[in-house]
Structure formats: structure tokens, C-alpha cells
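We name chains A, B, ... by the order of the sequence lines, and we start the count at 1 in each one. Because only heavy atoms are used, hydrogens play no part in the values below, and waters and symmetry mates are left out as well, while side chains stay in. Please read all numbers here as calculations on a predicted model, not as lab measurements.
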Protein chains: 2
Amino acid sequence: MAGDGGPVTLRGIAEQLGLHVSTVSRVLNGSSGEQGRAASGETARRIRELADELGYRPNPHATSLRTRRSNLVGVLFPRLSEIVVATIYEGVEEEATLRGLSTFVTNTHDDPTTQRERIGMVLGRRVDGLIIGDAHLDGAALAAPALDGTPFVLVNRRTDTGHPAVTCDDHLGGRLVAEHFLALGHRQVAVIAGEPFASTGTDRTTGFTDRYREAGLPLSAHSVRHCRFDTAGGHRAAVELLSGSDRPTAIFAVNDLAAIGTIGAARDLGLRLGEDLALAGFNDTPLAAELPVPLTSVHSPMAEQGRRAVRLLLRRIAGEPIASEVLRPDLVVRASTGTPIGPGLR
Amino acid sequence: MAGDGGPVTLRGIAEQLGLHVSTVSRVLNGSSGEQGRAASGETARRIRELADELGYRPNPHATSLRTRRSNLVGVLFPRLSEIVVATIYEGVEEEATLRGLSTFVTNTHDDPTTQRERIGMVLGRRVDGLIIGDAHLDGAALAAPALDGTPFVLVNRRTDTGHPAVTCDDHLGGRLVAEHFLALGHRQVAVIAGEPFASTGTDRTTGFTDRYREAGLPLSAHSVRHCRFDTAGGHRAAVELLSGSDRPTAIFAVNDLAAIGTIGAARDLGLRLGEDLALAGFNDTPLAAELPVPLTSVHSPMAEQGRRAVRLLLRRIAGEPIASEVLRPDLVVRASTGTPIGPGLR
DNA sequence: ATGCTCTACCCAATCGTTTGCGCCAATCGT
DNA sequence: ACGATTGGCGCAAACGATTGGGTAGAGCAT
């Protein structure tokens with residue numbers, strides 16, 4: 001029962017029991033070694049009993065002030081309204097809760113100024129570490145001097161600057177799609193490559209193009225189109241690709257949203273998916289399967305990335321040596337890549 | 001330059017300047033009234049100069065401990081991976097940042113136990129208030145005794161228990177769809193109604209059914225199907241509705257995800273959208289426009305709900321009297337509701 | 001009786017801010 | 001010239017928890 005006269009504190013409990021606050025503190029919070037030495041079994045029992053009768057909850061501000069540990073982590077993402085990101089965050093939250101951490105999550109819209117601002121903001125809140133999901137390949141925002149000292153790990157996107165990261169093996173994902181297209185006999189293909197600063201897009205793209213090059217069918221420069229990671233961006237890019245003279249028979253969109261934009265473009269141009277045009281996306285979002293023509297997509301373990309990022313960060317905070325982790329994707333073939341248009345190629 | 005020897009504190013600044021920490025505190029933080037009386041203009045200037053040369057950032061734990069105000073708010077949602085929710089959260093975050101608040105946001109999966117747990121968790125973090133986006137109509141989780149004392153407002157969903165809320169006028173949204181269907185001549189219609197505990201679904205449904213009843217065409221009980229707010233749920237419900245004997249010519253799905261599930265079902269049953277079946281969704285998510293057959297949907301101001309919820313909460317925290325707010329939706333007609341199948345009805 | 005070791009506690013400093021009050025000197029009113 | 005202001009600060013007590021040191025008494029051996 002709270003409300004007897006202000007929130008219940010260690011001191012309140014100590015006074016009611018005629019004990020000293022330090023004794024109560026040790027019983028309620030001390031490392032199990034201390035617990036024993038702090039009070040007799042009987043006293044400890046009385047303390048614990050009263051504490052939960054009163055609904056005692058330690059004041060985190062006081063604890064953090066004293067211990068210099070906040071059990072807070074900052075989480076940065078471009079935009080949570082993208083389902084991929086939101087799903088990663090679900091994993092982050094799940095694992096964080098399990099470990100007694102709370103998270104500040106914030107949208108940076110991939111804008112470097114906002115990124116720096118938000119990093120400053122969470123640092124101001126004295127987080128113990130950060131999980132950064134909006135890294136740009138050049139790692140620019142991570143060079144912020146303010147960051148040094150505070151541990152962080154990347155998730156979803158890596159940088160070229162070698163910060164520890166948990167990612168999907170995007171390069172492999174791209175290869176899987178290429179492999180599939182090749183098996184179907186597609187020789188004229190294109191990539192909707194996403195933003196050039198995001199490793200997800202570029203790695204998936206190079207995975208794909210590498211495989212085609214190995215097959216002796218290198219992609220021309222104009223068959224790789226960058227665009228925003230959303231439906232509108234995918235739509236525009238697809239229109240450009242599909243209205244040229246040498247129209248591709250298959251398109252790899254590096255994420256499902258761009259793929260959906262591509263579907264819109266194909267519709268506008270009168271192309272039938274899986275027949276006139278093969279299309280593959282990435283991330284296997286729940287929508288992929290429900291589309292009128294179900295979408296072939298690369299499945300990536302998103303929530304798992306989030307969980308692992310938390311664990312990795314925790315190890316880093318503890319000062320243990322850590323290494324980046326790469327998770328394995330796999331291809332889910334559906335109707336949008338239709339049937340072979342020619343003999344398989346190798 | 002941080003790192004000269006621990007983080008920079010008021011005391012550090014005060015000592016370097018030969019002043020007392022209280023003076024520095026007042027200059028840097030005092031209400032503008034205090035600022036003037038705290039130090040001479042010259043002294044104030046020196047303080048401010050040194051403070052930002054050293055990159056001083058007040059320790060929020062110390063401040064919160066002392067002032068009993070954390071500038072933290074807890075935000076509860078069923079799942080952030082739903083785009084509607086994520087968009088509302090973007091509004092929340094934007095406004096919160098503007099007001100100097102930070103947010104803890106958490107997913108409760110609409111599970112009452114988790115809801116209570118998470119409420120306990122954010123309360124344990126000593127938030128100044130909560131924004132609750134996962135309310136159930138019965139308001140059960142909000143009766144938690146722990147909550148009393150901490151101000152909160154609802155967003156997106158209201159309860160029957162009269163807590164202050166910011167919502168879309170869902171009832172009106174449902175009416176708009178009914179109006180549209182009636183104008184197209186649909187007499188046999190059905191609703192995919194979402195979860196029965198969420199006001200969004202039930203209000204949209206009754207808005208719709210009320211209008212049809214007024215038109216002299218009351219819906220039969222089995223033309224209203226509850227389901228989960230996701231594509232799979234929509235799919236199942238649609239299959240049930242569409243494989244019965246008196247198949248509806250138009251379906252109102254109370255959110256876009258359920259609508260997309262319906263599209264999948266229609267596809268499986270060989271029904272052409274906008275021709276054999278009219279379909280309308282709700283929320284006008286970015287996908288709606290890109291679908292092969294663009295989806296008619298009710299547009300609702302989602303981010304704005306989030307922003308208003310923050311402002312409302314702030315007023316409540318300040319002890320001002322507040323009232324619920326209802327935002328106006330509007331209908332966006334696209335190809336999925338096709339052309340009239342008969343003379344318009346009234 | 002003396003010294004030792006436990007057990008079961010208590011003491012007090014500390015984390016970094018905020019804020020009511022007090023104090024000294026200079027200025028003002030008369 | 002003398003008391004009353006007021007400008008410009010300093011003092012110290014909080015806020016609630018943690019933690020390195022006591023210390024008093026009991027029990028034991030010498």
C-alpha cells in the first residue's frame with residue numbers, strides 16, 4: 001500500500017523496523033555475499049516482508065546517481081514506422097527488459113544532424129550504452145567526440161569503420177536472389193538498391209551483382225538504381241528501370257517496401273508480376289505473403305538481431321572483448337518470381 | 001572538452017571560477033527571475049562561457065532526485081511493428097523532444113499481464129506521466145492501484161471508463177465508409193471488425209453499422225467478424241465471410257492490415273478487387289496507394305494524435321483541467337471500391 | 001583475565017543538483 | 001550621518017541510495 005505518506009524509501013523501512021538504512025539496503029539489494037553478512041535471517045525476513053507489504057521500489061535516480069550506472073540504453077533508428085526496424089526494436093526491447101534495462105528509442109530520419117543531436121540527447125540522459133541502428137557506411141556520426149567513453153554497438157547496418165555490429169549477412173542474401181534469378185534463366189536483371197549510405201542496401205546489391213558477374217553477366221551501371229527505402233522511392237526507381245529500352249525481366253528490390261513500390265509501377269505499366277516481370281524483395285515482412293501475387297523475399301532474422309545487439313552491448317559494457325555477429329538469411333520463393341523463362345544459367 | 005578528469009559538474013565549474021555551486025546552478029538553470037538576481041552580468045557571462053567550453057550537461061539523475069521530476073514519460077503500445085502505432089509514436093517522440101521530455105516506449109502485445117507489468121516498470125522508473133496506446137475498452141489495466149497519483153492520457157484507443165484520450169473519430173470514419181458503399185449501391189456488406197476490446201475497431205464498426213441501419217439495411221450478426229489486427233487475422237475473417245452462401249459485395253476492414261489480408265483471401269478465391277468485391281480499409285497507410293489495386297481507406301491523422309497526446313499529458317501534469325480530443329478522419333477513395341454496382345441508395 | 005574472531009549491525013561520506021535563508025557591502029533615502 | 005534597501009553571493013540541508021569502514025557484544029581458546 002503506497003500513499004501512507006510519500007513514496008516508500010529505504011529510510012522509511014529502516015525507521016519502522018528500528019534499523020539503519022544501510023542494513024536494509026544490503027538486505028534488499030546487496031550482492032548475495034553481502035546479504036548474508038548484513039543481518040540475521042530473522043531480521044532479513046522482517047525487512048523483506050515489510051518492503052513488499054509497502055511495495056518498496058528503489059528510486060532509480062538515487063541509485064544511478066550513486067552507482068554511476070543507469071541501466072538505460074539509447075536506441076537510434078532511422079524510423080520506427082518501417083516494419084523491419086520496428087521488429088528489430090521488439091527484439092531489443094524484449095532482451096533489454098529481460099536484463100533489467102530500459103531503452104530510449106528515437107527516430108533520426110537518417111539525417112546526420114538529427115543523429116548527432118539525438119546521440120547528444122541520450123548521452124545527456126546518462127545511458128550506459130547505445131544501440132545504433134541508423135549507421136551510415138562512413139560512420140560519420142559515430143566519430144562524435146561526445147561518444148567516446150560510452151560503449152555502443154551497431155545493429156542492422158554496419159559501417160566501413162569497423163565498429164562492432166550485429167547484422168544479417170546481406171551479401172549472402174543478395175547472392176541467394178541472384179542464384180534464384182539465374183536458375184530461372186534471367187539474363188537481363190536490375191537492382192533497386194536503396195540508399196547508398198546504408199550497408200543493408202549496398203551489401204545486398206553487391207552480393208547480387210557479384211554473383212551475376214561470376215556467371216559472366218555483369219550488370220551495367222544503369223541497372224542499379226538507388227532510391228529511398230520506401231514505397232514511393234521504389235516506385236520511382238522501378239518506373240525508370242522499366243521504361244528504358246532494354247527492360248529487365250527480373251528486378252531485385254533490396255527491401256520489401258521498395259518491392260511494393262515496384263509492384264505499383266508494374267501495375268501502372270501493365271506488366272504482370274511473375275509473368276512479364278519477376279520480382280524479389282528483402283526481409284520477408286508479413287505483407288509479402290498476402291500480396292495478390294505473393295512476393296519472393298529474403299527472410300532475415302530481425303528480432304533476433306535486436307536481442308543479440310543487446311547482449312553484445314552488455315558484454316561490451318562489461319569490458320569483455322566482443323566481435324561483430326552476422327546472421328544467416330534464407331530465400332523464400334513465392335509467385336512473384338514466377339516460372340523459368342529460359343534454361344537455368346550457371 | 002570532456003575527459004579532463006571525470007564528467008564536468010557544477011562543482012567543477014564553481015571551483016574553477018572561485019564561486020559557489022549554488023551560484024553556478026542559479027545562473028545555468030534558474031528560472032529567468034532567479035538568473036538575474038543570482039550573479040552580476042559579468043559573473044554570469046564567465047559561468048556560461050566556461051560551462052559550454054567544458055560541455056557541461058546537468059546530471060539528470062541528480063536533478064530528478066532533487067526536484068522529484070524526471071521529465072520522463074512512459075509510452076505503452078500493443079506493438080510498435082504496426083505502422084499505425086509506429087506513426088503515432090513518431091508524433092509522440094517529436095513533440096516530447098520539443099518539450100524536453102524523453103520517452104520509454106514498450107510493447108505490451110495487448111496482454112493484460114504484460115500491460116500491468118510494464119506499467120509497473122515505467123512507474124518504477126519514476127516517469128512523470130504515461131501515454132497509453134493499448135487501452136482496452138473495459139479499462140482494466142488502468143485500474144491498477146499503482147497508477148493512482150501518476151497522470152496519464154490515452155491515445156488511439158479510448159475506454160468506456162472515461163479517461164482522457166486523444167483519438168480519431170472512429171465512429172465517423174465508419175460512417176464515411178458506409179456512406180460510400182451506399183452511394184455505390186452495395187446492399188450486402190460485411191465488416192472485419194478487429195479485436196473486440198479495442199475501441200478503434202468497435203467504434204469504426206458501429207459507425208458503419210449505424211449508418212446502414214439508418215438506411216434500412218441492418219447488418220446481420222454474422223456479417224461482422226472479429227479478428228486480430230494483422231494480415232493473417234484479416235485473411236481468415238475474409239475467407240469466412242466470402243465463402244458463405246450470401247457473399248457480401250463490399251467489405252469494410254477496420255484497418256489496412258486486415259484489408260491486405262482480405263486482398264490475399266480474395267485472390268485465393270478468385271475474386272477481382274473493385275469488380276467482384278469492393279474493399280475499404282482504415283488508416284490510409286503508405287501501402288494503400290501502391291497496391292496492385294489501390295485501396296480505398298479512411299485517412300486518420302496519426303502523428304498528430306501522438307503530438308496532441310503529449311501536449312494533453314503535459315497539461316494534465318501541470319494540473320490543468322483537460323478534456324478528451326477527437327480528430328477528424330476523411331475518406332480516400334481508390335480503385336478497390338470500384339464503380340457503382342447499382343443505383344446509389346439513401 | 002586477555003586476546004581473537006565472528007555476528008549483526010551502525011556510521012557517515014558520497015553521488016550532483018536545487019533552493020530557502022543568511023550575510024556583507026555598497027547604495028539610497030532623509 | 002544613520003537606518004533601510006538591495007545586489008551579489010555563499011551556506012547548508014535536502015533528495016534516496018550505496019559502500020568502505022567501524023564497533024559492541026558474544027563465544028572461544030589460552
I'd like to check the salt bridge (charged side-chain N to carboxylate O under 4.0 Å, His left out) partners of [X]; sequence neighbours left out, ordered by chain and number.
{"X": "R99(A)", "value": "E95(A)"}
{"X": "R307(B)", "value": "E94(B), E304(B)"}
{"X": "E117(A)", "value": "none"}

* Pairs touching residues 6-19 of chain A that satisfy side-chain hydrogen bond (donor to acceptor under 3.5 Å, both in side chains), sequence neighbours left out ->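 Of all non-adjacent pairs touching residues 6-19 of chain A, none passes side-chain hydrogen bond (donor to acceptor under 3.5 Å, both in side chains).
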
* Structure fact -> Residue set satisfying ring pair (Phe, Tyr, Trp, His ring centres under 6.0 Å) with F104(B), at least two apart, ordered chain then number -> F104(A)

* To do: List in chain and number order the residues that pass ring pair (Phe, Tyr, Trp, His ring centres under 6.0 Å) with H20(A), two or more places apart in sequence or in another chain; answer none if no residue qualifies.
  =>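 Ring pair (Phe, Tyr, Trp, His ring centres under 6.0 Å) list for H20(A), sorted by chain: empty.
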
Indicate every side-chain donor-acceptor pair of residues 312-323 of chain A with a distance under 3.5 Å to a residue at least two apart or in another chain.
| from | atom 1 | to | atom 2 | distance (Å) |
| --- | --- | --- | --- | --- |
| R316(A) | NH1 | F152(A) | O | 2.6 |

* **Axis deviation across the helix from dA1(C)-dT30(D) to dT30(C)-dA1(D), five-pair ends, to the nearest 10°** => 60°

* To do: Under the side chain to side chain donor-acceptor pair (under 3.5 Å) rule, collect the residues that match up with S199(A), sequence neighbours excluded.
  =>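 S199(A) satisfies side chain to side chain donor-acceptor pair (under 3.5 Å) with no residue once adjacent residues are dropped.
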
* **Contacts of Q115(A) that satisfy side chain to side chain donor-acceptor pair (under 3.5 Å) - sequence neighbours left out** => D134(A)

Contact list (N/O, under 3.5 angstrom) for nucleotides 5-7 of chain D vs protein:
none

* Asked: Along nucleotides 15-25 of chain C, 5' to 3', which nucleotides get a B, which get an S, and which get a -, given that the test is a protein heavy-atom distance under 4.0 Å?
  -> BBBBBBB----

